[in-house]
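Ligands are counted one by one from 1 in listed order, and the atoms in each one are counted from 1 as well.
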Amino acid sequence: MNRVQVSLQERSYDVLIGSNILPELNCLVQDVLSASQFFFVLDTNVEATHGEIAMDSFACKTDHYALEAVESNKIADTIDSIWSSMLNQGCDRGTVVISIGGGLTGDVGGFAAATYLRGVPLIQVPTTLLAMVDASVGGKTGINLPTKRPDGTTILGKNLAGSFWQPRLVVADVSALQTLDDRQLRCGLAECVKHAMLGHPEVISFIQENHDGIFNRDEEVLIELVTQSVAIKAEVVAKDEREAGSRALLNLGHTFAHAIEPMKELGLFHGEAVSIGLCAACSCSEALGMIDADFVDQIRVLLVSIGLPTRLPMPIQLEDAMGLMQKDKKVIDSCNRLVLPSKDGAMIVDDVDKNAILLAWASVGVTSS
Ligand SMILES: NC(=O)c1ccc[n+]([C@@H]2O[C@H](COP(=O)([O-])OP(=O)(O)OC[C@H]3O[C@@H](n4cnc5c(N)ncnc54)[C@H](O)[C@@H]3O)[C@@H](O)[C@H]2O)c1
């Protein structure tokens, strides 16, 4: 079992990465904290499998809330239901919330833990590759909020309410990925590519050299992939826990991605939107002369070899994309602030030239009428 520490003084915690470790979840948790009551927030797709294995390891009182992992459930009403369920089960400030599922369940369970009785301890048990390499680490929790599109219709803006609430422990059992389908596995690889683009080309080589091992769910390969990616994220988070500065680098590609992910007509999962967002960020950077065309091609070829999209599945209007991009929380305090790939990694660029943004959108299939 590998162990990566997220160093945050008194809020430091370990990310444990191994295979077949869920049956020992109770012991792993008890090593970190003791509690008389545990409340599980469970992704319905893993409830009867990985969720049951994990819950069975606990001899004491456990209750749970089952959540269907769709973005339309990542809303305030769901948090309200979890709070009520916790109250009805008599959860107090000593109750530990354990989120078991993908990034969506982690974000929702995490936000409920952050706010119930002003905050109770949280354990993250990610069961998708995306949640293992990214979402479960770093303490961001949150939900979507309804917002308007230019045509007056309502759409769910990504992660517009939330909090920083660090888990006390993250347990990533790569054996859970045996039941994850290839499309979701590819979504996780999009976040690995993002981490690699922050100045870690060795992760790109690892993905290229171990393509078959990853898709065959070779658990040794998956442990190494998750460990490399978590180590990158942990280092960034340790330097800037609350995104006052350099942590924003982790948003590479996400300002573009968050504009297109909520558009239901595109049918994109988060990791797929990130993949297209990374391509748009590359084009923007190339237009600004920060990277050359060869680098952009290298990233596109890598994403295509993984089976990730590099363009929108259907055209969307520029006005729509720009409108939602402006609502992304990362661009509010500074006009056109973007994280863009550079020669040595990525950098935060303020007041990005609007023409470069338009070119970036056009490069992934956004049209202007
Ligand atoms: N907090 C953060 O730092 C952070 C970072 C990245 C993404 N996110 C958020 O994470 C979400 C995306 O996470 P995701 O890609 O894990 O998606 P997800 O949580 O929606 O899970 C994807 C699908 O896989 C299913 N699933 C989960 N584990 C499974 C398993 N082991 N076997 C079979 N099916 C399984 C789920 O039920 C769901 O249908 C988005 O809401 C995104 O905003 C948060």
Side-chain angles (χ1 to χ4, degrees), residues 6 15 19 22 41-54 66-75 78 99-111 113-114 122 124-145 156-167 170 172-192 194-195 217 222 226 229-230 233-234 236-237 241-243 247-248 250-254 257-258 260-262 268-275 277 308 328-330:
V6 183
V15 181
S19 70
L22 278 189
V41 178
L42 279 181
D43 181 328
T44 48
N45 276 334
V46 301
E47 191 179 355
T49 52
H50 318 299
E52 200 167 299
I53 292 170
L67 170 68
E68 190 192 352
V70 288
E71 289 290 326
S72 55
N73 276 343
K74 194 176 167 179
I75 53 170
T78 304
S99 265
I100 305 185
L104 192 145
T105 307
D107 279 5
V108 170
F111 189 46
L122 168 70
Q124 292 281 17
V125 180
T127 61
T128 62
L129 181 62
L130 188 142
M132 290 182 191
V133 299
D134 192 358
S136 63
V137 180
K140 276 192 184 177
T141 71
I143 53 169
N144 305 323
L145 293 184
L156 280 174
K158 285 287 297 177
N159 305 331
L160 294 179
S163 66
F164 288 96
W165 191 247
Q166 299 295 343
V170 180
D173 184 343
V174 298
S175 305
L177 302 178
Q178 299 292 351
T179 58
L180 192 71
D181 66 35
D182 281 357
R183 187 175 172 195
Q184 294 294 349
L185 198 72
R186 289 194 286 269
C187 285
L189 285 168
E191 299 283 12
C192 296
K194 176 196 77 178
H195 286 152
R217 315 294 192 278
L222 291 170
V226 175
S229 223
V230 167
K233 180 151 187 187
V236 175
V237 169
E241 183 182 1
R242 292 191 160 231
E243 207 169 294
R247 181 171 174 167
L250 293 169
N251 297 325
L252 178 61
H254 280 59
H258 283 170
I260 53 176
E261 187 187 346
L268 294 170
F269 291 154
H270 179 75
E272 294 167 338
V274 168
S275 176
L308 282 161
D328 190 78
K329 58 197 176 303
K330 293 177 283 296

**Asked** Backbone N or O of E191 within a donor-acceptor pair of the D134 side chain at under 3.5 Å?
**Response** no
**Complete:** The protein residues that pass the under-4.0 Å heavy-atom test against ligand 1 are D43, N45, V46, H50, A69, E71, K74, G102, G103, L104, D107, T127, T128, L130, D134, A135, K140, K158, N159, A176, T179, L180, Q184, E191, K233, H270
**Distance (rounded to the nearest 0.5 Å) between H195 NE2 and L189 CG** = 12.5 Å
**Prompt:** Just checking, any donor-acceptor pair under 3.5 angstrom between side chains of H50 and T179?
**Reply:** yes
**Prompt:** If only atom types and distance count, is the side chain of N144 paired as donor or acceptor with the main-chain N or O of E71 below 3.5 Å?
**Reply:** yes
**Item:** Atom pair CG (N159) and CD (E261), whose distance is rounded to the nearest 0.5 Å
**Value:** 8.0 Å
**Prompt:** Just by modelled atom types, is the R217 backbone N or O under 3.5 Å from a matching donor or acceptor in the Q178 side chain?
**Reply:** yes
